[in-house]
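Report on the following structure.
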Amino acid sequence: MGMTNSSTKGDFILVGFSDQPQLEKMLFVAVLISYLLTLVGNTLIILVSSIDPKLKTPMYFFLTHLSLVDICFTTSIVPQLLWNLKGPAKTITPLGCAIQLYVSLALGSTECVLLAVMAFDRYAAVCKPLHYTSVMNPRLCQVLAGVSWLSGAGNALIQGTITLWLPRCGHRWLHHFFCEVPSMIKLACVDIHANEIQLFFASLVLLLLPLALILMSYGHIAKAVIRIKSVQAWHKALGTCGSHLTVVSLFYGSITAIYIQPNSSYAQNYGKFISLFYTVITPTLNPLIYTLRNKEVKGALGRLCHRELHA
């Protein structure tokens with residue numbers, strides 16, 4: 001692995017996939033394409049949700065926030081990853097590493113809470129249809145979105161600061177492709193058992209608690225649909241909730257393996273690839289999932305294209 005002179009000045013060395021040069025070349029192309037699709041897809045969702053009057057609903061209000069989170073989340077990681085995959089230098093400055101740690105952790109935590117908020121919105125839409133507009137009023141939507149962003153920022157400030165304050169005794173080789181808490185605490189030259197416990201409990205609060213709320217919401221949705229005993233109701237519930245369930249499964253299925261059991265052999269052996277999935281692949285798939293499975297979004301995109309063609 002090539003190194004520049006900056007690696008001797010205290011910069012962190014992101015080992016990443018440098019032990020597999022051929023894989024790096026393929027990853028560069030795949031990650032670049034995924035990043036461009038992420039930017040285009042999520043920007044389109046934000047644009048359509050903001051312009052089309054038929055999408056001025058709580059569901060698309062939260063979807064806009066999710067798209068914004070995905071754009072910022074990938075942008076905090078992918079440009080540095082592409083730089084390291086393409087060139088011989090695999091370094092990142094201490095300041096750059098700290099910024100990446102705080103921003104990616106804040107946005108990842110925000111997404112966890114936001115997905116739970118979106119599940120509550122689907123619960124209100126299916127189980128309380130007559131009171132939906134009064135329950136999910138604009139004021140509550142703004143508060144729930146604000147709580148999502150603030151909880152993510154708060155978690156990043158606490159976990160990120162504790163991680164960065166750990167003494168590293170000159171250890172700078174980070175066996176990852178970006179600065180993430182589980183890999184950063186492994187650089188410490190002190191007993192990190194307490195930090196791993198703290199990380200575990202923080203993960204319980206910001207991963208498993210939102211996941212439990214999501215499962216509870218969909219449990220109530222399933223019971224409501226079963227009581228109706230209507231095939232049409234099943235199809236409507238699937239159309240309303242299917243996209244969100246798919247996104248939740250992709251995001252939580254990958255991120256829990258890293259944060260709940262960071263020292264498991266599975267996380268250590270495949271950690272970089274798992275992280276690649278939820279930092280690059282999932283944000284790319286989210287707009288595709290919501291547009292391909294959602295007639296309202298496809299209709300709004302069609303109306304936007306028709307408007308532009310006849311402008």
Side-chain angles (χ1 to χ4, degrees), residues 38 42 45 58-59 61-77 100-123 140-163 178-185 196 198-219 241 243-262 267 271 274-287 289-290:
T38 297
N42 285 290
I45 285 182
M59 175 181 172
F61 173 78
F62 294 125
L63 181 56
T64 299
H65 280 267
L66 181 65
S67 294
L68 180 60
V69 167
D70 281 340
I71 289 173
C72 297
F73 183 52
T74 53
T75 301
S76 71
I77 296 167
Q100 189 178 69
L101 179 72
Y102 279 119
V103 174
S104 62
L105 182 57
L107 293 168
S109 303
T110 298
E111 182 154 349
C112 290
V113 181
L114 194 56
L115 288 173
V117 169
M118 292 174 76
F120 174 73
D121 172 66
R122 295 300 82 210
Y123 158 77
L140 179 62
C141 291
Q142 291 169 1
V143 169
L144 291 174
V147 167
S148 300
W149 287 94
L150 288 174
S151 59
N155 180 55
L157 282 173
I158 295 170
Q159 284 203 67
T161 303
I162 292 172
T163 301
F178 77 106
C179 297
E180 192 175 29
V181 172
S183 54
M184 286 290 290
I185 61 177
E196 289 174 338
Q198 174 261 328
L199 175 62
F200 176 76
F201 279 106
S203 301
L204 284 179
V205 173
L206 280 161
L207 278 175
L208 296 189
L209 181 58
L211 181 58
L213 293 174
I214 291 169
L215 294 175
M216 285 174 58
S217 296
Y218 279 104
C241 309
S243 300
H244 183 253
L245 269 175
T246 305
V247 170
V248 167
S249 301
L250 290 172
F251 183 75
Y252 275 95
S254 55
I255 201 169
T256 49
I258 298 297
Y259 279 87
I260 298 300
Q261 289 185 307
I274 299 169
S275 296
L276 198 63
F277 190 83
Y278 68 77
T279 57
V280 179
I281 305 301
T282 302
T284 305
L285 294 176
N286 284 357
I289 291 167
Y290 276 104

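Side chains included, hydrogens not; waters and symmetry mates left out as well; all remaining heavy atoms used. Quick caveat, the model's predicted, so the values are computed rather than measured.
Going from atom NE2 of His65 over to atom OG of Ser148 covers 8.5 Å, rounded to the nearest 0.5 Å. In this structure, CD1 in Ile214 is found 4.5 Å from OH in Tyr252, a value given to the nearest 0.5 Å. From Phe61, atom CZ reaches atom CG of Leu144 across 9.0 Å, with rounding to the nearest 0.5 Å. Here CG of Leu105 is found 12.0 Å from SG of Cys179. Values are rounded to the nearest 0.5 Å. Atoms CZ and SG, from Arg122 and Cys241 in turn, are 6.0 Å apart once rounded to the nearest 0.5 Å. Atom OH of residue Tyr218 and atom NE2 of residue His244 lie 5.0 Å apart, to the nearest 0.5 angstrom.
For Tyr102, there are no ring-ring contact (aromatic ring centres under 6.0 Å, His included) partners, not counting sequence neighbours.
Partner of Val69 under the side chain to side chain contact (heavy atoms under 4.5 Å, CB included) criterion, chosen from Thr110, Asn42, Thr74: Thr110. Of the candidates Cys141, Ser217, Pro58, Asp121 forms a side chain to side chain contact (heavy atoms under 4.5 Å, CB included) with just one, namely Pro58.
Between Val147 and Val117 the shortest side-chain heavy-atom distance does not fall below 4.5 Å. Looking at heavy atoms from C-beta onward, Thr282 lies out of side-chain contact with Phe73 at the 4.5 angstrom threshold. By the 4.5 Å heavy-atom criterion applied to side chains, Leu107 and Trp149 are counted as neighbours.
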Should Leu101 and Gln159 be marked as a side chain to side chain contact (heavy atoms under 4.5 Å, CB included) after you check the CA-CA gap, both sets of side-chain angles, and the distance that decides it?
CA-CA 10 Å; Leu101 179 72; Gln159 284 203 67; over 6 Å; no
Determine, stepwise, if the pair Ile162 / Ile158 fulfils side chain to side chain contact (heavy atoms under 4.5 Å, CB included).
CA-CA 6 Å; Ile162 292 172; Ile158 295 170; 4.0 Å; yes
Pair Thr284, Thr38 - check side chain to side chain donor-acceptor pair (under 3.5 Å), show working.
CA-CA 4 Å; Thr284 305; Thr38 297; 2.7 Å; yes
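Here the shortest heavy-atom pairing between Pro210 and Cys112 reads CB-O, 3.5 Å.
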